[in-house]
Structure formats: structure tokens, C-alpha cells
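Scroll down for the structure; my scribbles are underneath it.
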Amino acid sequence: MVEAKLSSINVGAQSEDEVQAAVERAFSSDFVFRSPKKEAGSDEVTDVLVLFGDVGLVIESKSQAVNTSISVHDNSFKWAKKNLKKAGRQVAGAVRTLQTGRMPYAENSRQGRADFSTHEVKWLYGLIVLNHRSPPYSPFELVPRLKTTQVPLHILSLADFLELAWILNTPADLVTYLEDRSDVLQSKLRPLVHREQDVFKYWVDHLEDIYEHRARKNGWSTTRADSERYASELRKYLRDEVDDVQAGKLVDELIDRAHDVDPLLEPLDSAGQLIKSAPDSYIKVATELGMIPRVRRIALGRRFFRIVHRAGEERVERVYSSHSPTRSDCLLFLASPLPRCARNQRREQLYVKTRLFKHHHRVTKAIGIATEAGTSSGRSYDFVFFEGEHVEDEKLSRLAQQAFGEAISLLGDEPSEF
């Protein structure tokens with residue numbers, strides 16, 4: 001009776017559900033697409049597809065039947081070999097489909113139908129997730145043809161991948177790990193399925209060395225020092241030595257709320273010019289915020305909470321701002337004492353100040369976020385996003401100088417940016 005019940009379980013679908021949930025935890029559901037289809041047909045491109053900015057992650061999941069007769073001590077690895085070959089072919093086919101434009105769009109519950117352009121995704125990665133029992137082994141030795149896959153290919157057990165996505169739970173952190181794994185760790189460590197903890201530990205312990213190696217290899221103008229802050233803070237975070245970890249959840253909430261659009265809000269009126277939200281504007285905000293790694297989210301969250309609290313206590317507008325010349329971006333967070341009935345006025349202030357802030361720092365991208373002052377329930381958020389090369393404008397420069405001058409709170413309040 002027990003065996004009959006176990007055999008009726010759709011282990012494959014359950015594993016795909018778990019993989020989808022794991023990548024949604026890291027990327028948010030905006031960027032995750034389950035079983036996307038090819039053009040003019042019902043053929044599946046891949047089990048799970050992640051499209052985040054210029055990065056695409058093609059994921060194939062394979063699961064061994066629960067009532068399998070194959071022992072964990074069976075050294076033939078018949079199931080693994082057979083399913084690795086199949087998954088490898090499927091990843092290769094999905095990559096060809098994406099690169100040749102035969103998947104014009106993908107759909108999920110958050111974005112609805114999202115157009116797909118081969119020109120926007122510059123970096124594709126393959127990921128095979130295996131839910132099976134076996135001793136640790138090298139997948140590329142078991143199936144040598146996997147070495148010829150057109151894109152960097154990662155092969156992990158389901159348990160290891162779930163743990164990895166739980167720890168590296170932002171796009172910035174998880175993509176950085178996969179890039180380092182492709183560029184350095186796979187050739188150096190030859191990772192074994194079921195032993196990803198060895199690879200992860202090495203990565204954490206040698207982050208600066210890996211970054212320096214990749215910088216030299218790829219001709220980056222950055223230096224080792226650019227990775228030291230991130231590496232140091234990440235180690236503290238993993239050792240539970242970072243205070244107010246929950247503060248970082250505020251950035252997660254902002255990403256989750258970016259798609260909320262109040263239907264009662266009118267188009268923004270800025271100096272007589274009506275400004276409507278572009279259809280894809282929210283996804284641009286969510287993408288930019290998603291690029292913030294966990295340790296920086298915690299630091300930003302602390303500042304955001306402090307600004308909101310102070311604005312509520314003092315009943316005045318408070319602003320936190322940061323900018324990065326390296327990334328050519330800036331962020332402005334505004335806590336406003338204005339009542340809910342004056343939300344349109346708050347939006348106008350956010351629009352003007354973010355535009356001036358971008359001009360002040362001559363950066364390419366700027367995000368502005370506004371919310372209520374104090375700790376009132378039912379909090380609302382407003383977002384603006386500017387993108388484009390800096391254009392000199394004497395009037396804007398004068399207004400920006402008056403608005404910000406030199407008294408700008410940088411993320412450089414910390415010893416360095418991270």
C-alpha cells in the first residue's frame with residue numbers, strides 16, 4: 001500500500017515546483033517563467049526560465065522515481081547518466097530556441113505576456129538540477145559531451161540548489177556566484193554533484209582572489225579593493241554577525257510592490273506636462289533594485305527605516321540618497337509627512353528631486369522612491385525611474401546645486417561602497 005502511494009506521486013512536477021519557488025525567492029516572481037512555449041506551438045522551451053536584465057537562466061529539472069530499485073550504492077549511475085544526457089540536449093535546444101528568436105514572448109502571473117528579445121539577453125547560463133540518490137560524482141566525467149554545451153552549464157543536486165538559492169537570495173548574489181563558478185570554480189575545483197558545499201565554502205573564503213582573477217582575465221578596469229567590502233560584509237552575514245538583518249526585507253518589499261499601480265492615481269503633472277507610466281516601467285524599477293546584493297540591502301534598509309522614523313517624529317520631509325560613479329546610478333528615498341490626500345503632490349516632488357539628483361551626479365540611471373513618514377499602517381510607495389546619458393543643462397545644474405549642494409548622504413557613509 002505504501003509503495004503504491006509513493007509511486008503515484010509526481011516527483012518530477014514536485015521538483016520543478018521546488019526549483020521554481022527557489023528561483024522566485026532569489027529573483028522574485030516577476031522574472032521567473034514556468035514552461036515557456038515556442039512560437040506558434042505548444043512545445044516547451046525549458047522547465048523554468050529566468051529572464052533578469054541581460055541575464056537568462058535556462059533550467060532543466062530531473063527527478064528519480066521515489067520507488068526506484070536503484071540503490072544509493074549502485075556505482076553504475078545509470079539513471080544519472082541517462083538523465084544528464086537528456087537534460088543536456090534539452091538545455092542546448094532551449095539555448096538555440098532563445099538565440100534564434102523562436103520564443104517571441106514568455107508569460108507569468110506578474111508580468112503577464114513579456115516580449116522576449118535575443119538582443120537584450122547577453123549572458124545565458126544552463127542549469128541542470130537533479131533530484132536523485134547517489135554517491136558524489138563528476139557529471140562532466142560521467143557525460144563528457146556536456147563539456148561542449150554552448151553556454152556555461154551548472155549541474156547541482158536539488159538539495160544543494162535549494163540551499164544555495166536560500167542563502168544567495170538576491171539576483172545579484174546568485175548570478176555573481178554562477179558567474180564565478182563558470183569562470184573560475186569549475187575548472188579549478190571540478191565540482192561534484194551532492195558536494196556543492198565544498199565549492200561554496202571555497203568561494204566565500206576566496207572571493208577577493210576570484211574577483212581579481214576574473215578582472216585580469218576579462219580586462220576590467222576595477223581592482224581587488226572593489227570586491228573587499230562586499231566579501232567582508234558577506235562573510236559577516238553568513239556568520240550571523242550582521243545586525244538588523246530584517247532591515248534588508250524592506251528592499252525586498254519595494255521590489256514586490258513595484259508592480260502595484262493604484263488605478264485612482266492620475267497621470268503625473270510636472271510643470272504642465274502629463275507623464276504617464278510606460279508599460280514596462282515597473283519592471284525596470286524591480287530590475288534595478290534586484291541588482292542590490294543582500295548585504296547592501298540590509299545597509300539601505302537601516303537607512304530607509306531611520307529616515308521614515310525621523311520624518312514621522314519631526315513631521316518634516318526627510319531624504320536619503322546614494323550614488324555610485326562606478327555603476328553610474330543613483331537612488332533617492334523620500335519620506336514625506338504629506339497626508340494621503342496629497343499623494344499626487346508627493347509624486348511630483350519625487351519626480352523633480354530624482355530628476356535633479358540624476359543631473360547633479362551626471363549618472364545614467366536614477367531611481368526615486370517615496371513613502372509616508374512615520375510607522376503608519378497601510379504604507380504606499382511611489383516610484384520613478386530615469387534612464388539616459390547625462391546632457392549638460394545650465395538651468396538644471398543650477399537648480400540641482402540649490403537643492404543638494406554638497407550635503408548629500410552617500411552610501412559612502414560606510415568605509416566604501418558595496
Side-chain angles (χ1 to χ4, degrees), residues 28-30 110 170 244-270 275-278 281-292 294 296-324 329-358 360 365-387 403-404 407-411 413:
S28 91
S29 58
D30 299 281
R110 289 289 285 266
T170 74
D244 301 326
V245 170
Q246 290 302 312
K249 297 294 184 181
L250 177 56
V251 179
D252 300 355
E253 181 183 356
L254 291 172
I255 295 170
D256 189 56
R257 295 281 297 277
H259 77 287
D260 288 339
V261 178
D262 189 337
L264 298 179
L265 289 176
E266 301 174 356
L268 185 65
D269 185 348
S270 178
I275 301 169
K276 297 181 179 180
S277 297
S281 57
Y282 102 83
I283 205 67
K284 290 187 176 182
V285 171
T287 300
E288 292 300 316
L289 293 175
M291 293 178 182
I292 303 173
R294 176 58 56 195
R296 186 167 177 252
R297 291 189 190 193
I298 295 169
L300 285 172
R302 291 194 199 109
R303 288 166 170 77
F304 292 172
F305 278 121
R306 185 166 66 241
I307 290 297
V308 168
H309 181 71
R310 288 180 60 189
E313 280 191 333
E314 301 166 6
R315 302 186 65 82
V316 296
E317 180 184 284
R318 287 288 179 181
V319 173
Y320 170 76
S321 57
S322 70
H323 81 279
S324 169
D329 64 16
C330 65
L331 182 150
L332 187 143
F333 184 87
L334 184 153
S336 172
L338 290 173
R340 291 289 181 88
C341 60
R343 187 173 173 187
N344 279 329
Q345 183 182 345
R346 183 181 84 184
R347 294 167 65 218
E348 292 172 19
Q349 292 174 347
L350 177 67
Y351 179 90
V352 171
K353 289 187 177 184
T354 306
R355 184 185 179 201
L356 290 176
F357 193 56
K358 177 183 183 297
H360 189 69
K365 292 179 288 189
I367 290 180
I369 305 166
T371 191
E372 290 85 7
T375 56
S376 60
S377 60
R379 182 172 301 282
S380 65
Y381 296 103
D382 295 311
F383 302 87
V384 294
F385 177 72
F386 292 92
E387 185 175 27
F404 299 107
I408 297 172
S409 172
L410 303 180
L411 196 55
D413 288 347

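Note that the structure is a prediction, hence the values are computed from the model and not measured.
- In this structure, CG in Leu356 is found 9.0 Å from CZ in Phe386, a value given to the nearest 0.5 Å.
- Side-chain atoms of Tyr351 and Asp382 form no donor-acceptor pair, as typed in the model, at a separation below 3.5 Å.
- With sequence neighbours excluded, the residues satisfying salt bridge (Lys or Arg N to Asp or Glu O under 4.0 Å) with Lys353 are Glu317.
- Partners of Arg294 by salt bridge (Lys or Arg N to Asp or Glu O under 4.0 Å), not counting sequence neighbours, listed by chain and number: Asp252.
- With no hydrogens or angles considered, a side-chain donor-acceptor pair links Arg346 and Ser380 at under 3.5 Å.
- Nearest heavy atoms, Gly312 versus Ala373: N-CB, 3.6 Å.
- Residue Ile369 is tested with Val251, Leu334, Leu254 for a side-chain contact (heavy atoms from CB on, under 4.5 Å); the sole match is Leu254.
- The shortest non-hydrogen separation linking Gly368 to Thr354 is CA-OG1, 3.3 Å.
- Once rounded to the nearest 0.5 Å, the distance linking OG of Ser322 with CG of Leu331 reads 5.0 Å.
- Looking only at side-chain heavy atoms (C-beta outward), Leu332 and Leu350 come within less than 4.5 Å of each other.
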Original post:
Should Val285 and His259 be marked as a side chain to side chain contact (heavy atoms under 4.5 Å, CB included) after you check the CA-CA gap, both sets of side-chain angles, and the distance that decides it?
Top reply: CA-CA 9 Å; Val285 171; His259 77 287; over 6 Å; no
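- Considering CD of Gln246 and CZ of Phe305, their distance stands at 9.0 Å, rounded to 0.5 Å.
- Of the possible donor and acceptor atoms, none in the side chain of Arg297 sits under 3.5 Å from a partner among the backbone N and O of Leu250.
- Here the CD1 atom belonging to Ile367 is positioned 12.0 Å from the CZ atom belonging to Phe357, to the nearest 0.5 angstrom.
- To the nearest 0.5 Å, atoms CZ (Phe385) and CD1 (Ile283) are separated by 12.0 Å.
- Between Val319 and Ile307 the shortest side-chain heavy-atom distance does not fall below 4.5 Å.
- With sequence neighbours excluded, the residues forming a salt bridge (Lys or Arg N to Asp or Glu O under 4.0 Å) with Glu314 are Arg310, Arg318, listed by chain and number.
- Considering Arg355, Lys284, Lys358, Lys365 in turn, Lys284 is the only one that fulfils the salt bridge (charged side-chain N to carboxylate O under 4.0 Å, His left out) rule with Glu387.
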**OP:** Start with the C-alpha gap between Phe304 and Phe333, add the side-chain angles, then the distance that decides, and say whether ring-ring contact (aromatic ring centres under 6.0 Å, His included) holds.
**Re:** CA-CA 7 Å; Phe304 292 172; Phe333 184 87; 4.0 Å; yes
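- Note that the OH atom of Tyr282 and the CD1 atom of Ile255 stand 11.5 Å from one another [nearest 0.5 Å].
- We find that Asp244 and Lys249 are not joined by a salt bridge, their nearest charged nitrogen and carboxylate oxygen being 4.0 Å or further apart.
- Ile298 and Ala247 get closest at one heavy-atom pair: O-CB, 3.9 Å.
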**OP:** Before giving the answer on salt bridge (Lys or Arg N to Asp or Glu O under 4.0 Å), spell out for Glu372 and Arg340 the whole-Å C-alpha distance, their side-chain angles and the decisive distance to 0.1 Å.
**Re:** CA-CA 8 Å; Glu372 290 85 7; Arg340 291 289 181 88; 2.7 Å; yes
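- Residues Phe383 and Ala258 approach most closely at CE1-CA, 3.8 Å, considering heavy atoms.
- Checking side-chain atoms of Arg347 against main-chain N and O of Arg343 turns up no donor-acceptor pair under 3.5 Å.
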